[in-house]
2 protein chains.
Amino acid sequence: MTEPSLRLDDQVCFALYAASRAVTGFYRPVLDKLGLTYPQYLVLLALWENGACPVKDLGAALQLDYGTLSPLLKRLEKAGLVRRERRRDDERSVLVTVTEEGAALRERALELPPAIGAAMGLEDAEFDQLRSLLRKLTTSVAEHSG
Amino acid sequence: MTEPSLRLDDQVCFALYAASRAVTGFYRPVLDKLGLTYPQYLVLLALWENGACPVKDLGAALQLDYGTLSPLLKRLEKAGLVRRERRRDDERSVLVTVTEEGAALRERALELPPAIGAAMGLEDAEFDQLRSLLRKLTTSVAEHSG
DNA sequence: GGCGATCAGATCGCGGGCGAGCTAAACGTG
DNA sequence: CACGTTTAGCTCGCCCGCGATCTGATCGCC
């Protein structure tokens, strides 16, 4: 019965934290040219994919709450990339729509995934493996958080 | 030649971002009981392991800059877990030392890795695989950021 | 010894994340 | 219809992360 390790480099949680920040750090200079931050980019990914969608659904897709999304969306709106309007049929809900300008950004964003893919230095198999392990981890941890 | 995917769920970067936040979210209630935030916990991990160490080395171990570490260490000091003192032999450098109280926290922290390990729901092999993929990813991305 | 370069660290500003507390709209049940 | 409950969203405060800028201390080199 050995004592559990508290070595920093043994912790998957630290590896995760470091990797996540390294990747967003890699995106930063590229996204700067598009005038976006990393979370803003993720929001646009969700919107490009789904067309318009209410704030609630964005939160579900990105696992972010209103405290994060509300100010972020306001900044995207101020930048002219997004519109926010109350639904007529349910005044509680706010529908977020991509503007022309926001849609145009999508073309320039297409170069991002290949660039990051190359920088990651993983084989295709490792890439898929990593993604599926991360998904499994996320859902499992979420279940244990209830 | 297909267009690169911009689907949110295809992006490893998003899987990473979501997993990292899910894990720190899982730690939060447990660390709350110790009066710690997640980055503070990581700093203590590094200090428990190395004994005292200058701010610069902490930054290297955690990949964090002074803008993050300086205020964080001040908060840890105010909480009585850590001491900060200028070195006599090099007045530029600040040595960070764990106090008795900080050292005592280590015992209570020993229960964390098993708990998170269980919540992750990964086999031992997957666990090691994930960690090594994350490390590989981190170093590779860091190299491509120069 | 003097002086520019480098280095350790602090500070500030901004944009996340997130919990807590708030408003207003819609719903549900009598 | 009235009234409590749920729901969507906002705001605020605190703590990261990080770029930029500042201060002092040390080093290198003449």
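Lettering follows sequence order; numbering is per chain, from 1.
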dC18(C) P sits how many Å from L62(A) CG, rounded? 11 Å
Quick one: on DNA chain C, does D89(A) or P54(B) contact a more 5' nucleotide (nearest heavy atom)? P54(B)
Atom-pair distance (CG on L76(A); C1' on dG15(C)), nearest Å: 12 Å
Sorted by chain and residue number, the side-chain contact (heavy atoms from CB on, under 4.5 Å) partners of E101(B) (sequence neighbours excluded) come out as L81(B), T99(B)
Protein-nucleic acid N or O pairs under 3.5 Å, nucleotides 21-24 of chain C:
none

Donor-acceptor contact present, side-chain E126(A) to main-chain L133(B), <3.5 Å: no
Let's go through R131(B) and D128(B) carefully: what are the C-alpha distance in whole Å and the side-chain angles of both, what is the deciding distance for salt bridge (Lys or Arg N to Asp or Glu O under 4.0 Å) to 0.1 Å, and is it a yes or a no? CA-CA 5 Å; R131(B) 192 172 47 191; D128(B) 294 344; 3.3 Å; yes
Whole angstrom is fine here: how far is it from CZ in R86(B) over to P in dG9(C)? 7 Å
Summary of salt bridge (Lys or Arg N to Asp or Glu O under 4.0 Å) pairs that have at least one residue in residues 31-40 of chain A, sequence neighbours excluded: none
Once you round it to whole Å, what is the distance between C1' of dG15(C) and CG of D32(A)? 12 Å
Any side-chain N or O of K74(B) under 4.0 Å from OP1/OP2 of dT11(C)? yes
Set of residues satisfying side chain to side chain donor-acceptor pair (under 3.5 Å) with respect to E77(B), sequence neighbours excluded: R84(B)
For dG9(C), take OP1 and OP2 only and decide whether either is under 4.0 Å from a side-chain N or O of S93(B). yes
Sorted by position of nearest nucleotide on DNA chain D, 5' first, the leading residue of R87(B) and L73(A) is L73(A)
Between CG of L95(A) and C1' of dG9(D) the distance, given in whole Å, is 14 Å
When all nucleic acid strands are considered with a 4.0 Å heavy-atom cut-off, which category describes R84(A): base, sugar-phosphate, or nothing? sugar-phosphate
Per-pair distances, 0.1 Å, donor-acceptor, side chain in residues 9-19 of chain B, under 3.5 Å, sequence neighbours excluded:
from	atom 1	to	atom 2	distance (Å)
D10(B)	OD2	S5(B)	OG	2.6
Q11(B)	NE2	S5(B)	O	2.9
Q11(B)	NE2	R7(B)	O	3.3

Just distance, no hydrogens or angles: give the donor-acceptor pairs under 3.5 Å from side chains in residues 68-75 of chain B, sequence neighbours left out.
from	atom 1	to	atom 2	distance (Å)
T68(B)	OG1	D65(B)	OD1	3.3
S70(B)	OG	Y66(B)	O	3.3

In whole Å, I'd like the distance from the CG atom of D90(A) to the P atom of dG9(D). 8 Å
Go along nucleotides 14-19 of chain D 5' to 3' and tag each nucleotide: B for a protein heavy atom under 4.0 Å from its base, S when only backbone or sugar atoms are that close, - otherwise. -SSBBB
Looking for any heavy atom pair under 4.0 Å, which part of the strands does S70(B) touch: base, sugar-phosphate only, or nothing? base
Give every donor-acceptor pair under 3.5 Å between a side-chain atom in residues 138-146 of chain B and any protein atom, sequence neighbours left out.
from	atom 1	to	atom 2	distance (Å)
T138(B)	OG1	L134(B)	O	2.8
T139(B)	OG1	R135(B)	O	3.4
T139(B)	OG1	K136(B)	O	3.1
S140(B)	OG	A119(A)	O	2.6
S140(B)	OG	M120(A)	O	3.1
S140(B)	OG	G121(A)	N	3.4
H144(B)	ND1	A119(A)	O	3.4
H144(B)	ND1	S140(B)	O	2.8
S145(B)	OG	V141(B)	O	2.9

R21(B) meets the side chain to side chain donor-acceptor pair (under 3.5 Å) criterion, sequence neighbours left out, with none
For L34(A) and dG15(C), give me the distance from atom CG to atom P, rounded to whole Å. 17 Å
Taking R92(A)'s backbone N and O only, do any of them form a donor-acceptor pair with R86(A)'s side chain (distance below 3.5 Å, no angle check)? yes
Mind calculating the distance between CG (L69(A)) and C1' (dG19(C)) to the nearest angstrom? 15 Å
Would you mind telling me which of dT11(C), dC10(D), dA8(C) lies closest to the side-chain atoms of K56(B)? dA8(C)
